Each structure stands twice: as structure tokens, then as C-alpha cells.
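So the structure is just underneath, and the comments pick up after that.
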Amino acid sequence: MSKELLKIENLKTYFDTWAGVVKAVDGISLEVEEGETLGLVGESGSGKTVTALSVLRIVPRPGKIVDGRILYRGENLLEKKENEMQKIRGKEIAYIFQDPATSLNPVFSIASQLIEVIRRHQNVGKQEAIEKAIELLRLVEIPDPKIRIRDYPHQLSGGMKQRMAVARALSCQPSLLLADEPTTNLDVTIQAQILGLMKNLKKKLGMSMVLITHDMGIVADMADRITVLYAGRVCESASTITIFYSPMHPYTEALLTAVPHLAIKREKLAVIPGTIPNLIEPPSGCRFHPRCKYARATCSEIVPPLEEIEPEHYVACLRAKEIAIRSPLES
Amino acid sequence: MIKYIIRRLLYLIPLFFGILILVFAASRMAGDPVQLMTGLNPHITAEAKQQLREYYGLDKPLYYQFLVYVWKLFNVDLGNAYAIRGGLPVTTLIGQYIWETFKLQLAGLFLSLTISIPIGIISAKKQYSKLDVSVTTTSLLGTCIPVFYMGIIAIIVFSYYLGWLPPFGAHSLFPERYPFGNYMLDELWHMALPTAVLTFALLAPVVLLVRSSMLEVLRQDYILAARASGLSERTVIYKHALRNALIPVVTYIGLYFGGVLAGAPITETVFNWPGVGRLFVEATRRLDFPVIMGITVMITMMTLFANLITDLTYAYIDPRIRLE
Ligand SMILES: Nc1ncnc2c1ncn2[C@@H]1O[C@H](COP(=O)(O)OP(=O)(O)O)[C@@H](O)[C@H]1O
Ligand code: SF4
Ligand SMILES: [Mg+2]
């Protein structure tokens with residue numbers, strides 16, 4: 001078994017708003033091993049982005065990490081000073097945003113935004129930084145890198161912008177890449193190109209990756225392991241094959257049923273009934289109980305703990321063993 | 001970039017002529033210039049009036065007079081004042097007063113920007129802190145007080161009660177009594193009060209503008225992305241955020257600059273400051289149309305020029321405009 005690179009234990013990140021405390025991340029635990037890709041899935045609003053921002057400790061106000069440990073190479077990031085974190089961000093752990101249109105600063109050229117990060121973390125002169133930046137653009141397969149590097153973000157297409165954002169994230173060869181829905185805002189062909197590129201680069205640079213998405217199709221293709229989130233908590237965590245072929249959590253089952261191209265054989269595309277709960281006063285007990293078709297009275301009373309039901313297969317469901325879910329893929 | 005400048009310049013030409021026509025028409029609607037010139041002289045004969053009319057070209061058709069006015073304008077000739085300072089050329093008059101106006105306004109603008117931009121940034125960085133709440137409250141109050149009122153209060157407090165600063169004028173009347181020994185220091189001493197009032201008047205709105213614009217920018221993904229890249233807080237705020245946050249501030253300053261001369265009459269009257277603002281008030285009181293028109297034309301040119309500078313600054317800050 002390989003070594004773990006990132007281990008999150010019982011992370012809680014709350015937003016103290018006028019309306020009340022939004023418990024966006026409420027006790028999440030997960031692990032990323034060296035060299036692996038972890039798929040972090042869940043509906044929109046389930047706390048994926050907040051989890052990733054917590055790792056870098058850049059949760060915007062009024063968000064605050066209130067509990068837990070985030071171990072990176074065995075060291076708790078929550079105990080580090082701000083200037084120590086600055087040396088980790090972008091250098092050890094990099095982040096790619098969902099929307100390439102807004103994640104590049106519109107008033108600075110690509111060159112300036114790349115050089116800035118390179119020079120922040122590496123002791124190189126300006127000329128050397130420019131050469132490194134051009135090399136990066138080659139790496140992310142941008143044509144005419146010497147010309148494109150002088151462009152400003154608004155001069156590039158969405159796909160090109162995301163390549164630039166990938167280049168910036170990879171500029172200091174991070175060990176861990178947090179990719180937050182990196183292709184959600186791109187059209188399908190570009191999506192495939194960017195995912196292919198990321199897969200290659202991951203292998204080439206030997207990084208680990210947390211791939212955040214709400215699209216089961218993408219993780220099927222990219223991830224080694226999957227952690228499923230629901231309303232700020234982990235439902236299930238296992239290898240990709242296990243999640244797809246022998247899921248044990250009702251929410252995972254519902255997610256799989258809702259995947260378009262996995263459901264092709266089925267009569268119609270299922271959608272998960274109900275909406276994601278209010279995180280200020282979340283449902284008691286199991287947070288999924290208002291939408292769960294297996295729910296019993298106890299489900300609204302007891303919080304299901306995340307248990308290792310089989311080796312390397314973690315599930316947080318009170319009835320996991322008795323309901324014996326069959327994978328929607330096999331029907 | 002050069003193409004952009006040329007386009008902006010070409011766009012200014014029709015605007016300028018449009019305004020010129022309006023100003024010219026308005027001045028003629030005010031009445032017969034000869035009547036205005038000679039109104040105080042009961043002994044003037046109809047014959048003399050006719051001679052004056054011919055002398056000033058007022059017997060020619062209106063469009064012809066307008067063309068003459070424009071032609072003279074191109075030769076930096078705005079005609080002579082009817083009566084102010086014995087009928088000096090308007091350009092000479094403006095030349096004598098304009099620097100005093102600029103001195104005051106530029107000093108006020110410069111001081112208020114150097115104070116308000118950092119305050120606005122800090123206030124936004126510490127949103128809802130005690131500091132932010134007091135800055136915001138004070139600024140909101142500040143925006144409610146009109147300049148002339150602030151000016152009068154300042155004179156009462158600092159000149160009348162405390163006696164620290166002179167209440168009006170740009171210089172002591174008698175050079176041998178300069179309290180600080182020389183002309184420069186004497187002028188600075190006189191400038192202090194009006195400059196302070198102008199600075200305060202501009203401070204409040206710019207603080208609020210910088211703060212709100214900064215808050216807006218700080219919420220953007222590219223700021224989070226800059227943080228996620230490990231950049232220092234200083235680089236994130238003063239490089240990535242500020243450059244974007246200043247875009248609306250530039251507009252405001254541009255508009256303000258356009259309005260500087262329009263606002264000058266009030267400050268300059270309150271402090272009896274010898275600038276074009278006060279000249280304008282005097283000209284209005286005496287219906288001295290060449291002076292009124294000359295100053296209006298100059299205000300127009302200044303406003304258009306300020307617009308041009310604003311556009312260029314925009315283009316400098318924001319590549320989306322520069323490269324369209
Ligand atoms: N700035 C914020 N203020 C208040 N609540 C927030 C803020 N940012 C995120 N949240 C809340 O955190 C929850 C999780 O958000 P997020 O992590 O962005 O979800 P995901 O990335 O899974 O779509 C959401 O319910 C959202 O309302
Ligand atoms: S604990 Fe109960 S409500 Fe929650 S997923 Fe399991 S069966 Fe459904
Ligand atoms: Mg998200």
C-alpha cells in the first residue's frame with residue numbers, strides 16, 4: 001500500500017451568516033494517497049469546494065474552519081502560520097477553479113500571472129521565469145506559446161483559459177492538485193480535451209489529484225478512488241470499481257441512477273427526488289433521510305458514523321448491511 | 001493604442017462644436033450685447049450704439065458671427081470683456097485666474113486621493129470591524145455636508161475662534177507683513193483652509209467608492225486564485241485587487257475633474273479665492289457675456305480633456321478596453 005499524502009479528519013467549516021451558521025462542511029474525513037486521483041463527488045452545494053478551500057486555508061469570509069485536522073505529509077496544516085501556508089499554496093498544493101473565465105485576473109497578461117507565481121516559489125530571474133512559463137504553455141499544449149503568453153485573459157477562448165489556469169497551477173510542480181470541477185463550464189469536446197490533458201500531466205509529473213465534480217461519468221474515467229459527499233458529510237468512500245459496481249449507500253445508488261450515459265439502457269433518466277437540505281438547520285440524524293427510499297424512523301434520530309464495512313470501503317448508513325443495494329449499472 | 005487615442009479625439013470634435021453652438025445661442029438669447037454693454041450709460045445715442053454694433057460685427061447674420069467666434073477661438077481669442085478690468089481680453093483674464101483655481105483643486109484632489117484610497121482599502125479588508133463601521137459612518141455623514149457649509153464652518157472655527165488661518169484671499173495684503181517671511185509660505189498659509197475643505201469634501205465619497213469597489217473585487221475568483229497560488233497578502237490586495245478596484249474610481253475622478261471648474265465658483269466665493277470660479281461669479285453678476293462664454297468654453301474643453309484622460313487611464317488599467 002502506498003503512503004498517504006493528504007488526510008482530512010473530521011473537518012468542520014462553518015459560515016457565520018446573518019441567517020444563521022451554515023454548516024457547509026460538517027465532519028468530513030478523507031484520504032489521498034501518493035500518486036492517486038481521488039474523485040470527490042456530490043450534488044452542487046454538498047461542500048466540495050469548501051472542503052478544497054479549507055485544505056489551502058483560503059475559505060472566504062465569513063467561513064471558518066472550526067474543527068478537525070488536515071494532515072499533509074503528516075503535518076497538520078491547521079497549525080501552520082500564514083506565511084508557512086503561503087509556501088505550501090501553489091507550490092505543494094495547487095488549485096484549479098471551476099470557472100476559467102473568472103479565475104484569471106482580467107487586467108494582467110498571462111505572462112505576468114505565470115511569472116509571478118514562478119518567481120514567488122522558485123529562486124529564478126525574470127528571463128528564466130519567462131522561459132519556464134513558455135515551457136509550461138507547451139506542456140499544456142497551447143499552440144504558439146511565445147505569442148499566446150503575451151495575451152490577456154479576455155483574448156482567449158474558455159478552453160484556452162482553462163489550459164492557462166492548469167499551467168499556472170502546475171507551474172511549481174505541486175505534489176497535490178485540487179481540481180474543482182475543472183471542466184464544468186466548458187463544452188463537451190473541450191471538456192474531453194482538458195480531462196485527457198490532466199490525466200497525462202498527472203502521470204507525467206507524478207502528482208496526486210483530488211478531482212471535484214458532480215458528474216459520475218467524469219470520475220468513472222479519471223479517479224482511482226471516490227468519496228461521495230452529501231450535505232457536508234461523507235456518505236461513502238471506496239475504490240472507483242467498488243463505488244460503481246457494489247455501492248452500499250442509498251445516496252450513491254441515487255447518484256449512479258442519475259448518470260446520463262450509464263442510464264442509457266434504462267427507460268428514462270432518473271433524477272434524485274427532493275433538494276439538497278438547508279445547511280443552517282440540516283435534517284437530524286442521517287442528513288439524507290428526507291430523500292432516502294430506505295429510510296426508517298431511527299434514521300432521523302441517529303447520526304450514522306462512517307464505518308469500514310468491508311476492507312477499504314467506508315459507508316455512513318445505518319442500514320447499509322441489511323438493504324443490500326444492487327448497482328444500477330447491473331440492472 | 002494610438003488608434004484608440006485618435007478615435008477618442010475624433011469623437012470629441014462634434015461634441016465640442018455642439019456645446020459651442022449651445023453656448024453661443026444661449027448668450028444671444030440673453031439679449032442684445034450692445035444693450036448690455038451700454039445699459040448703465042443713459043447718455044448713449046442710437047448712433048453710437050449702431051457704431052458699436054458694427055464694430056463688434058453684431059450687424060452681420062448670426063451664423064456669420066458664430067463662424068467669426070469659432071475662427072477667433074482657433075486663434076486663442078475669446079474677445080474682450082465688456083467691462084471687467086476695463087475690458088481686458090478674456091484669454092488674458094482667464095490666464096490670470098486659472099492657476100489659482102488649479103492650485104487649489106489639484107492640491108485638494110491629490111491630498112484626498114492619497115488619504116482616501118488607503119482608508120477605503122483598509123476599511124474593505126476589515127469589513128464590519130469597528131474601524132470599518134466608523135469609517136463608513138463618518139464618510140456617509142461627510143457626503144451629506146455641502147462644501148459651502150463645510151467652508152463656512154471651517155472659517156468660523158479656524159479663523160474666527162482659533163485665529164490660526166486666514167479666512168480668505170490667496171495672499172496677505174501687504175508683502176512687508178507676510179507672517180512667514182516669503183511669498184510662497186504666505187500663499188501656502190492662505191491655501192490651507194480652502195484646500196482642507198476641498199480635501200474633506202472629496203474624501204468621503206472616494207473612501208466609500210474605493211471600499212465598495214474593493215469589496216466587490218475581493219469576492220472574485222481571481223483573488224481567491226491569487227491567494228491559492230501562495231502570493232502574499234500584500235500582492236493580492238495591492239496588485240491584484242487594487243488594479244481592478246480602481247477602475248470605477250478613475251471614472252469618478254474623471255467626472256469630478258470635469259466638474260472642478262463648475263464647482264469652483266462656490267469654494268472660491270466662500271474663501272474669496274482669486275480663481276476663475278470667482279471671476280465667473282463676478283461676470284454673471286455684471287452680465288459680462290464674453291467672460292461668461294469664455295469660461296464656459298474653457299470648462300467645456302477641460303471636461304472633454306478630462307474625459308479623454310479618463311478614457312486613456314482606463315485603457316491603461318484595463319486591457320479589455322485597450323485591445324478591444
Ligand atoms: N461565502 C459563503 N457564505 C455562506 N455560505 C456559503 C459560502 N460559501 C459556501 N457556502 C455554503 O456552503 C455550502 C457548500 O458550498 P460548496 O462547497 O461551494 O458546494 P459545492 O462545491 O459542493 O457545490 C453551500 O450550501 C453554500 O451555501
Ligand atoms: S441511514 Fe437511513 S436515511 Fe440515511 S442513507 Fe441509510 S437508510 Fe437512508
Ligand atoms: Mg463547488
Side-chain angles (χ1 to χ4, degrees), chain A residues 16 18 49 52-53 55-62 82-110 112-114 116-121 150-155 161 164-165 168-172 174 177-178 180 185, chain B residues 1 4 121-133 211-251 311-324:
Chain A
D16 196 354
W18 295 104
T49 299
L53 295 179
V55 171
L56 287 173
R57 292 203 8 222
I58 53 170
V59 183
R61 274 185 317 187
E82 169 61 22
N83 62 351
E84 292 172 322
M85 278 311 294
Q86 284 176 7
K87 294 200 181 95
I88 289 171
R89 295 180 196 133
K91 188 177 186 208
E92 290 290 328
I93 307 176
Y95 189 91
I96 299 176
F97 287 74
Q98 174 167 352
D99 190 355
T102 58
S103 72
L104 295 165
N105 193 329
V107 304
F108 294 109
S109 70
I110 297 297
S112 124
Q113 299 189 51
L114 287 175
E116 176 180 55
V117 180
I118 293 171
R119 296 197 66 190
R120 171 79 177 157
H121 296 296
R150 275 184 262 141
D151 282 350
Y152 285 84
H154 72 279
Q155 294 170 293
K161 270 185 224 164
M164 295 296 183
R168 177 174 59 183
L170 299 183
S171 60
C172 300
L177 181 63
L178 309 174
D180 191 351
N185 287 359
Chain B
M1 190 67 186
Y4 177 81
I121 294 171
I122 293 168
S123 203
K125 263 176 70 177
K126 307 201 184 278
Q127 195 190 6
Y128 302 140
S129 65
K130 284 209 183 76
L131 179 96
D132 177 42
V133 172
R211 176 183 177 275
S212 66
S213 160
M214 199 73 184
L215 281 175
E216 179 61 34
V217 169
L218 286 178
R219 268 196 273 134
Q220 303 297 315
D221 268 358
Y222 55 79
I223 295 303
L224 210 52
R227 290 219 170 91
S229 313
L231 300 180
S232 69
E233 193 59 20
R234 218 180 46 218
T235 313
V236 172
I237 300 282
Y238 290 93
K239 184 175 170 194
H240 286 261
L242 189 58
R243 181 92 169 242
N244 284 283
L246 281 184
I247 295 173
V249 180
V250 168
T251 319
D311 285 341
L312 295 184
T313 315
Y314 255 165
Y316 171 73
I317 294 184
D318 190 345
R320 284 165 295 189
I321 294 172
R322 191 186 331 150
L323 307 159
E324 76 254 40

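The structure presented is a predicted model; accordingly, all values stated were derived computationally and were not measured.
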Worksheet item: What's the shortest heavy-atom distance between A/F97 and B/A228, and which atoms?
Response: CE1-CB, 4.5 Å
Worksheet entry | Engaged part of A/E116 at the chain B interface, taking heavy atoms whose separation is under 4.5 Å | both
Worksheet item: So which part of A/L56 gets closer than 4.5 Å to some heavy atom of chain B, the side chain, the backbone, both or neither?
Response: side chain
Practice prompt. Mind running side chain to side chain contact (heavy atoms under 4.5 Å, CB included) on A/F108 and B/K239 for me, showing each step along the way?
Written response: CA-CA 10 Å; A/F108 294 109; B/K239 184 175 170 194; 3.6 Å; yes
Worksheet item: Do you know which two heavy atoms are closest between A/V107 and B/P319, and how far apart they sit?
Response: CA-CD, 3.5 Å
Worksheet item: If you round to the nearest 0.5 Å, how far is CG of B/D318 from NE2 of A/H154?
Response: 8.0 Å
Worksheet entry | Segment of A/R168 engaging chain B (4.5 angstrom heavy-atom cut-off) | side chain
Fill in: Backbone N/O of B/S229 and side chain of A/R120: donor-acceptor pair under 3.5 Å
no
Worksheet item: B/K125 and A/R61: which non-hydrogen atoms are nearest, and at how many Å?
Response: O-NH1, 3.1 Å
Worksheet item: Among B/Q220, B/R227, B/E233, which has the most heavy-atom pairs under 4.5 Å with chain A?
Response: B/R227
Discussion item. Given heavy-atom pairs under 4.5 angstrom as the criterion, report whether the side chain, backbone, both or neither of A/L53 touches chain B.
Written reply: side chain
Worksheet item: If you draw a 6.0 Å radius around OH in B/Y238, do more than 12 non-hydrogen atoms from other residues or ligands fall strictly inside?
Response: yes
Worksheet item: Considering only heavy atoms, which portion of B/T235 lies under 4.5 Å from any heavy atom of chain A: side chain, backbone, both, or neither?
Response: side chain
